[in-house]
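Written below as structure tokens is the structure these notes are about.
Numbering starts at 1 and runs along the sequence shown.
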Amino acid sequence: MWRRIGALIQKEFIQMRRDRRTLAMMVMLPVLWLVAFGYAVNFDIETIQVDVVDHADNGDSRELIRQIRNQEDFSLTGIVSTTEGREDLKQGSTDVVITIPAGYSGLPRKKEETLRVQVDGSRLFTAQSALRKVNEFLLDEQKENMNRLQDEMEKSLQEGKTATVDLSQTPVWPHLEQMMPPQALERFQSEWAKGMERQVKESIEKRVERVKEQFPDPEQMKPEVDVLYNPDIRSVHYMIPGLVGLVLIFITTLMTALGIVREKERGTLEQLVVTPLRSFELMVGKLIPYFLIAVVDFFLVFAVGIQLFDVPFRGEVLPFLAVSLLFLLGSLGMGLLVSTVSQNQQQAMQLAVLTLVPQIILSGFIFPLEAMPWGIRWVSWLMPLTYFLPVSRDVFLKGANPFDYTMEVSVLAVYAVLFLGVAALRFRRNLG
């Protein structure tokens with residue numbers, strides 16, 4: 001029995017060695033997932049980009065800016081105007097805009113003197129990390145200012161303290177003893193002591209009132225926080241625009257690869273070769289059905305996201321559709337390329353998963369790119385979905401024009417030409 005089992009085990013190892021792609025997938029995919037999840041699954045942003053709008057331009061505001069510069073968690077991108085700060089948030093070049101109002105002091109006493117914090121809610125995890133870090137920083141600053149004010153008040157009270165005067169120790173006391181009988185003198189001394197006690201009490205009460213006036217109302221110390229583009233910080237508003245790109249690349253890459261390889265396994269692809277169809281016509285005829293299905297899926301996800309999940313779409317449909325079709329062509333080329341290097345559906349499935357899983361994990365679909373180490377982030381920039389996601393989210397939530405993203409659209413166009421060109425050459429070669 002064991003001899004037969006050993007022979008079967010040997011046969012399986014021989015088969016694995018012959019199928020090198022499957023063997024490589026079995027070894028590399030767990031390592032890839034381990035490295036990707038170990039480095040990329042991080043929702044905390046290490047460094048927050050901060051713009052400051054300084055309307056006060058006084059000692060307290062300059063001290064606050066100095067503290068922001070000295071914070072390891074913050075990177076001060078500039079002292080900007082209100083319009084520039086809003087534009088930086090829209091373009092994604094900053095994470096937080098802190099507005100210092102006119103008349104600002106370290107411990108504000110009026111609502112008009114409180115800080116205003118604006119974050120980009122379309123970048124969900126970045127916004128959450130930014131709010132947490134900014135709140136922690138401002139809380140520490142307020143505690144330090146309160147301690148400094150308390151020290152100043154204690155010093156002031158000690159320096160201006162009213163001393164209690166003992167009448168019997170004054171130079172006038174011997175004269176009073178000679179002029180007044182003992183009972184009258186005792187009564188006079190009692191009234192004197194009461195008067196002095198009343199004066200001391202009134203003096204202390206006035207100082208306490210002055211101290212209370214100098215301490216701010218805790219409610220006025222809270223910064224005014226505005227979350228732009230996603231005020232409720234709803235995760236569905238963050239996920240649905242990304243899901244549009246994920247569905248497109250999943251349908252086109254996986255289904256195209258499996259569909260064409262299935263023709264190889266059944267032998268029907270060779271039958272099509274002997275028909276009058278040219279190789280280019282055959283390739284286009286194979287790709288168009290998957291292209292149409294992907295377009296239908298695009299509108300389906302688009303409509304469901306807006307209607308069912310109440311995700312706002314603030315951009316224009318036609319420009320967004322044009323960029324989406326560009327991304328779709330690159331995904332089709334990737335699926336066709338996978339089919340040309342696969343011998344069967346199992347290999348096609350494995351290679352398609354190998355291209356899809358890193359894009360789900362490393363493209364910024366779930367985990368923010370800012371939280372990834374540079375070594376992993378460079379891998380992210382090699383993936384088409386990384387360039388489509390920011391365009392999709394900003395068009396949905398910010399109403400951005402997708403053609404303003406010159407670099408992203410250009411890279412998507414290069415990927416479309418590159419993948420379709422290489423896949424077409426290999427497809428024709430395989431047919432030949």
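- Looking at heavy atoms from C-beta onward, F396 lies out of side-chain contact with H237 at the 4.5 angstrom threshold.
- Sparse packing is recorded around CZ of R86, with 12 or fewer heavy atoms of other residues, nucleotides or ligands lying under 6.0 Å away.
- Annotation: side chain of L254 is in contact with side chain of M349 (closest heavy-atom distance under 4.5 Å).
- The OG1 atom of T340 sits 6.0 Å away from atom CG of L336, with the distance rounded to the nearest 0.5 Å.
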Q. Which is it for E63 and R66 under the salt bridge (Lys or Arg N to Asp or Glu O under 4.0 Å) test, yes or no, and what are the steps along the way?
A. CA-CA 5 Å; E63 176 62 20; R66 187 184 69 82; 2.7 Å; yes
(Q) With side-chain hydrogen bond (donor to acceptor under 3.5 Å, both in side chains) as the criterion, how do Q71 and Q67 come out once you've worked through the C-alpha distance, each side chain's angles and the decisive distance to 0.1 Å? (A) CA-CA 6 Å; Q71 282 290 314; Q67 293 294 338; 5.1 Å; no
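- Annotation: side chain of L64 is in contact with side chain of Y104 (closest heavy-atom distance under 4.5 Å).
- Atom CZ of F419 has more than 12 heavy atoms from other residues, nucleotides or ligands within 6.0 Å.
- You'll find the side chain of L246 reaches within 4.5 Å of the side chain of I360, heavy atoms only.
- M372 and I361 get closest at one heavy-atom pair: CE-O, 3.6 Å.
- For the pair R426/L337, a side-chain contact is recorded, criterion being any heavy-atom separation below 4.5 Å from C-beta on.
- Each side-chain hydrogen bond (donor to acceptor under 3.5 Å, both in side chains) pair with one or both residues in residues 399-421, not counting sequence neighbours, appears once here: D394-Y405.
- When side chains are defined from C-beta on, V119 counts as touching V96, because their heavy atoms get closer than 4.5 Å.
- For the pair I100/V53, no side-chain contact is recorded, criterion being any heavy-atom separation below 4.5 Å from C-beta on.
- Taking the six-membered ring where the residue is Trp, the centroids of F388 and F365 are separated by 6.0 Å or more.
- The two residues L420 and L329 have their closest heavy-atom pair at CG-O, 3.7 Å.
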Q: Test side chain to side chain contact (heavy atoms under 4.5 Å, CB included) on V296 and L292 and set out the steps.
A: CA-CA 6 Å; V296 172; L292 295 177; 5.6 Å; no
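- Checked for salt-bridge contact, E136 and K133 miss the test: no charged N lies under 4.0 Å from a carboxylate O.
- In this pair, F302 and F313 present their aromatic rings perpendicular. The plane angle is above 60°, beyond the 30 to 60° band.
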Q | side chain to side chain contact (heavy atoms under 4.5 Å, CB included) between L412 and V323, worked out | A | CA-CA 8 Å; L412 290 176; V323 175; 4.1 Å; yes
